[in-house]
Amino acid sequence: MQTFSIHKPAVRSRHGLVAAQNRYAAEAGAAVLARGGNAMDAAVVTALVLSIVEPWLSGIGGGGFLLHADGGTGQVSTLDFNVMSPRALDPADYPLSRAKTGNWFDWPTVDGEKNVSGYTSMCVPGAIAGLAEALARFGTLSWEEALQPAIAHAERGLEVDWYTSLSLAVEAAALARYPASAALFLENGRAPRAGDANTPHYRPMPEKAKLLKRLASAGARDFYEGEVARLLLMDLADGGCVIDAEDLARYRPVWQEPATGRYRGLDIQAIPGLSGGPTFLDACRRLADYDLGAGVPMADAALAYATAIRQAYEQRLTTMGHAASPEAGCTSHLSVVDAGGTMVSLTNTLLSRFGSKVVLPRTGILVNNGVMWFDPRPGQPNSIAGGVKPLANMCPLIIKQDGRPTLAIGAAGGRTIFPTVLQIISYMADRGLTLEEAFHMPRIDASTPTIRINARADRAIPATVGTRYPVEIVEDTLYPVNFAIPSAVQRNGAENVGMAHPTSPWAAVAVGAPDGR
């Protein structure tokens with residue numbers, strides 16, 4: 001039996017940093033910083049490029065949340081640009097296929113999975129409105145400038161390496177049901193073979209490039225009220241989606257004050273309302289009751305994590321409702337800090353891998369399956385309804401100390417997001433670990449009925465956690481995602497520190513300096 005040790009060092013620089021799940025996107029954002037752009041400029045460019053280079057995770061057909069923290073004043077603002085259900089959505093169109101079991105972790109399913117894939121699973125996308133709004137308020141780039149890197153990537157095309165080929169193969173059967181999806185991503189109904197360093201393989205996105213060019217010249221609102229909106233509505237109507245012109249025209253992102261809390265002297269800034277933020281803060285309050293200092297055995301700490309997370313999830317699922325299935329979702333998170341210490345923490349998603357699985361033929365974009373985030377049972381806090389936003393698991397955070405932002409962090413992975421971020425912050429605040437050390441520590445996940453424990457963890461951890469909960473030992477694999485995929489940037493004095501997911505060869509931190517160092 002062979003064992004491998006994987007280590008990804010932190011990136012340190014007095015220049016700005018971009019941490020993201022894909023190196024091309026991180027490099028695009030860092031290039032903006034190198035040219036004098038700020039954290040929001042870089043965040044918007046990174047998010048737009050991610051929609052091209054990892055289209056199964058996030059994109060302009062989805063939605064999300066972000067926090068912006070001013071490096072000078074410390075002021076934090078949050079923006080909700082999550083998806084919204086169409087006004088004409090009828091809960092009666094989503095009958096349950098089985099009775100609820102009574103377990104608060106239970107996920108009820110719908111006949112034909114109409115809420116999971118296809119045109120009946122779509123909500124109004126918020127990404128374009130949100131990114132444009134954030135750029136207008138805090139950025140220095142024009143909207144047209146911000147779109148150029150994504151346009152270039154769309155014209156070149158999606159690079160098909162072995163991981164892209166795997167991602168396409170996992171959903172090939174579902175993508176093959178929709179002609180435009182199959183044409184864009186598959187070859188003869190199958191995932192294309194991966195290229196290599198000598199002969200890279202790209203799948204151009206001409207319709208997506210044309211759409212982005214139109215938005216660059218006509219403005220972001222064209223997506224909701226102009227020519228792009230007209231094309232979108234034609235495609236949606238052809239497929240039987242009930243999103244109409246008024247749904248698009250009404251959509252607006254929402255600025256809010258952050259939800260706040262404290263943990264071991266840290267000031268936590270989170271997304272309020274229908275996000276993972278309130279549950280994260282709840283778990284922090286519960287975890288604060290435990291002694292988790294460096295002298296406490298990790299097995300005891302793991303049991304405390306399991307208990308705090310499990311209790312917070314029980315509160316969430318019984319009072320806020322379900323937000324998608326217990327399986328890890330597919331999401332993109334990015335964290336940015338510029339040379340002045342201003343930070344952005346941004347999470348964007350299509351929900352499931354490839355969202356609804358539908359590429360709209362006239363515009364070339366993948367659309368979210370946001371209806372999946374509603375609870376299909378009637379009379380619940382997050383029941384399916386028209387013209388409302390669903391409960392989401394996304395949990396981008398800004399951490400402040402002494403009034404200044406010191407950490408921007410978040411993760412991808414559905415219900416596994418907040419448990420991962422909670423443990424990383426605890427490793428740093430309670431055990432004195434560096435950001436690099438905290439990212440490499442094995443974690444547990446308590447977002448499912450059985451507590452998952454990283455196979456690299458100390459053997460005492462499953463033994464101790466198993467005294468109270470059922471446990472399963474699993475690998476921290478790229479697929480399936482048993483734990484979340486975090487990205488973070490930290491401010492230490494005048495130095496910035498960045499970390500990306502250690503076990504992913506694509507996740508990276510890029511430096512926003514003219515020489516790239």
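Fair warning: this is a prediction, and the values are worked out from it, not measured in the lab. Atoms considered below: every heavy atom in the structure, side chains included; atoms not considered: hydrogens, waters and symmetry mates.
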Do [X] and [Y] come close enough that some side-chain heavy atom pair is under 4.5 Å?
X: Pro486; Y: Arg443; result: yes
X: Asn482; Y: Thr416; result: no
X: Leu215; Y: Leu147; result: yes
X: Trp373; Y: Asn393; result: yes
X: Ile384; Y: Leu89; result: yes
X: Val116; Y: Val110; result: no

Item checked: Val367 to Ser356 - nearest heavy-atom pair and separation ->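 Answer, listing the atom of Val367 first, then Ser356: O-OG, 2.7 Å.
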
Check: Do you know which two heavy atoms are closest between Asp247 and Val242, and how far apart they sit?
Finding: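 Closest heavy-atom pair between Asp247 and Val242: OD2-O, 3.8 Å.
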
Check: So which pairs with a foot in residues 25-37 pass salt bridge (charged side-chain N to carboxylate O under 4.0 Å, His left out), sequence neighbours left out?
Finding: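 For residues 25-37: none.
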
Next item on the list: Sorted by first residue and then second, give each salt bridge (charged side-chain N to carboxylate O under 4.0 Å, His left out) pair with at least one member in residues 139-165; sequence neighbours left out.
Entry: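 For residues 139-165: Glu155-Lys213.
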
Margin query: Show me the pairs that pass ring pair (Phe, Tyr, Trp, His ring centres under 6.0 Å) and involve residues 188-224, at least two apart or across chains.
Written below: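 Counting only pairs at least two positions apart or across chains, the ring pair (Phe, Tyr, Trp, His ring centres under 6.0 Å) contacts touching residues 188-224 are Tyr224-Tyr251.
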
Quick one: side-chain contact (heavy atoms from CB on, under 4.5 Å) partners of [X], sequence neighbours excluded?
X: Arg230; result: Glu227, Met234
X: Asn496; result: Leu17, Val337, Arg491
X: Val76; result: Leu67, Ala69, Pro258, Gln269, Ile398, Lys400

With rounding to the nearest 0.5 Å, note down the distance linking [atom1] in [X] to [atom2] in [Y].
X: Asp375; Y: Asn115; atom1: CG; atom2: CG; result: 10.0 Å
X: Phe354; Y: Asn369; atom1: CZ; atom2: CG; result: 12.5 Å
X: Leu212; Y: Ser51; atom1: CG; atom2: OG; result: 6.5 Å
X: Ile365; Y: Leu231; atom1: CD1; atom2: CG; result: 10.5 Å
X: Ile309; Y: Thr420; atom1: CD1; atom2: OG1; result: 8.0 Å
X: Asp476; Y: Arg456; atom1: CG; atom2: CZ; result: 7.0 Å

Margin query: Under 3.5 Å, is there a donor on one side chain and an acceptor on the other for Thr279 and Arg316?
Written below: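 Short answer, yes.
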
Only pairs under 3.5 Å count here: list side-chain donor-acceptor contacts from residues 339-348, not counting sequence neighbours, and write none if there are none.
residue, atom, partner, partner atom, Å
Thr342, OG1, Gly71, N, 2.9
Ser345, OG, Leu397, N, 3.3
Ser345, OG, Leu397, O, 3.3
Ser345, OG, Ile409, O, 3.1
Thr347, OG1, His333, ND1, 2.8
Asn348, OD1, Gly63, N, 3.3
Asn348, ND2, Gly59, O, 3.4

Margin query: So, using ring-ring contact (aromatic ring centres under 6.0 Å, His included) as the criterion, who are the partners of Phe65 when residues are at least two apart?
Written below: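 Counting only residues at least two positions away or on another chain, Phe65 forms no ring-ring contact (aromatic ring centres under 6.0 Å, His included).
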
Next item on the list: Could you list the residues that satisfy ring-ring contact (aromatic ring centres under 6.0 Å, His included) with His501, not counting sequence neighbours?
Entry: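 Not a single residue meets the ring-ring contact (aromatic ring centres under 6.0 Å, His included) criterion with His501.
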
Can you give me every donor-acceptor pair (side chain of residues 175-186, partner residue at least two apart or in another chain, under 3.5 Å) with its distance?
residue, atom, partner, partner atom, Å
Ser181, OG, Lys357, O, 2.6
Ser181, OG, Val359, N, 2.8

Checklist line | Check: Tyr313 ring centre within less than 6.0 Å of Phe418 ring centre | finding: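 Ring centres of Phe418 and Tyr313 closer than 6.0 Å.
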
Can you give me every donor-acceptor pair (side chain of residues 131-141, partner residue at least two apart or in another chain, under 3.5 Å) with its distance?
residue, atom, partner, partner atom, Å
Glu133, OE2, Trp255, NE1, 2.7
Thr140, OG1, Asp41, OD2, 2.5

Checklist line | side-chain hydrogen bond (donor to acceptor under 3.5 Å, both in side chains) partners for Glu187, two or more places apart | finding: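 Glu187 satisfies side-chain hydrogen bond (donor to acceptor under 3.5 Å, both in side chains) with Arg203 only.
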
Notebook entry, point to check: Is there a side-chain contact (heavy atoms from CB on, under 4.5 Å) between Asp222 and Arg214 once you walk through the steps?
Noted result: CA-CA 8 Å; Asp222 198 70; Arg214 169 73 191 181; 3.0 Å; yes

Next item on the list: Just say parallel, tilted or perpendicular for the rings of His440 and His7, cut-offs at 30° and 60°.
Entry: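 The rings of His440 and His7 lie parallel, inter-plane angle below 30°.
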
